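Quick caveat: nothing in here was measured; it's all calculated off a predicted structure. Letters A, B, ... mirror the listed sequences (proteins, then strands); counts begin at 1.
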Amino acid sequence: MTDFVLEYPSHATASANDVYRKPSIGTLTARESMHYAAIVASAMATATAFSGFQSNVQISQTPGTIQKINQSYLSPAKQSVRPPIQLTQEEHEVFRLAILDSAEIVSRGRFVEL
Amino acid sequence: MTPPEAHEVLRATSPLDVGRFYGNKDDLALGAGLIYDRILSPHFSTDERLFLTVKQPVYVITHECDVDPANDRPFNDYVSICPVIPLPAFLKRYSEKWPDREKLTSFLANVAQREVGRVIYLPPGPSVLEHGALVYLNAIASTHISSFVDEKPIAALSEYGLRELDSALRNTILRPKAERLSLAPEKY
């Protein structure tokens, strides 16, 4: 039985051609199988705990799948999408000035070089 | 545009359930969705190219477990914060720069609908939040935990409010990178 060790190439050898290769079931050792089983079990436990207080989520009995989420419960925020409108430089300046207007200046300092 | 008029624009276009946004702040620990009005913190002055030390309204981002005094561990004495801009202060500066009422109305509506990156609308609440406020995520900073000694929170987000703010925060900071990074899965 071999140990399940993730190996990462060093920065010196990593390049854009380095890709993650997903292991196939056929190549798993017994120890690797146990490792993945533990991950699945953990995910199921999390999903079960989550469903305890989140009645709008229906958890499938199949590990790793959530069948349905009530859309009305989800935040209207655009999830994982860059908002379509980005502030201009002038608008950022307006925000900076508005922050100063709502603050009391205590003292002026200098950069700390880290 | 007066703050009540601006609030009307924001209220009419925001999908937020305003009545559920804030909750009881009593007995909540630092980091549990709290907003303060005068916290000592840094602010960079572009004119002077110096950091100013200011007292300003802030939302505390740090998780309460990470600054719990009961946890005696290194590195739990700094707190991540984000400036909170009361709506009147923003209106004043924006109107000075662009007196165009329609432009301001359009901007506020877009902010309320979460179409504008790095700005989050906070509905009206107590104290400096009277007319609502804007959280400006571009100016996330850090301050020492001692800045909170003797300061009382002015408001606390409810579970609903925290989820709304967290989702915007997550989307700003943690959304997937646009560029394909080394070692990314093949069909990423």
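For B:T172, no part lies near chain A; criterion is any non-hydrogen pair under 4.5 Å. Proximity to chain A is limited to the side chain of B:V119, based on heavy atoms less than 4.5 angstrom apart. Only the side chain of B:K97 comes within less than 4.5 Å of a heavy atom in chain A; its backbone stays farther off.
Heavy-atom pairs under 4.5 Å with chain A were tallied for B:L91, B:T46, B:D37; the largest tally goes to B:T46. For the set A:Q86, A:E93, A:E90, the count of heavy-atom pairs under 4.5 angstrom toward chain B peaks at A:E90. Interface remark: of the candidates B:L52, B:T53, B:V54, B:T53 forms the most heavy-atom pairs closer than 4.5 Å to chain A. Contact count versus chain A (heavy atoms, under 4.5 Å) is highest, among B:R118, B:Q56, B:K92, B:R93, for B:R93.
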Side chain to side chain contact (heavy atoms under 4.5 Å, CB included), that's the test. Do B:F148 and B:V60 meet it? Break it down for me. CA-CA 10 Å; B:F148 293 86; B:V60 176; 3.6 Å; yes
Side chain to side chain contact (heavy atoms under 4.5 Å, CB included) evaluation trace for B:Y121 with B:L134: CA-CA 5 Å; B:Y121 167 56; B:L134 300 176; 4.3 Å; yes
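Using a cut-off of 4.0 Å between Lys/Arg side-chain N and Asp/Glu carboxylate O, B:D17 and B:R20 are scored as salt-bridged.
Centroid-to-centroid, the aromatic rings of B:Y78 and B:H144 come within less than 6.0 Å.
Classification of the A:F95-B:F90 ring pair by plane angle, with boundaries at 30° and 60°, yields tilted.
Dense packing is recorded around CD of B:E96, with more than 12 heavy atoms of other residues, nucleotides or ligands lying under 6.0 Å away.
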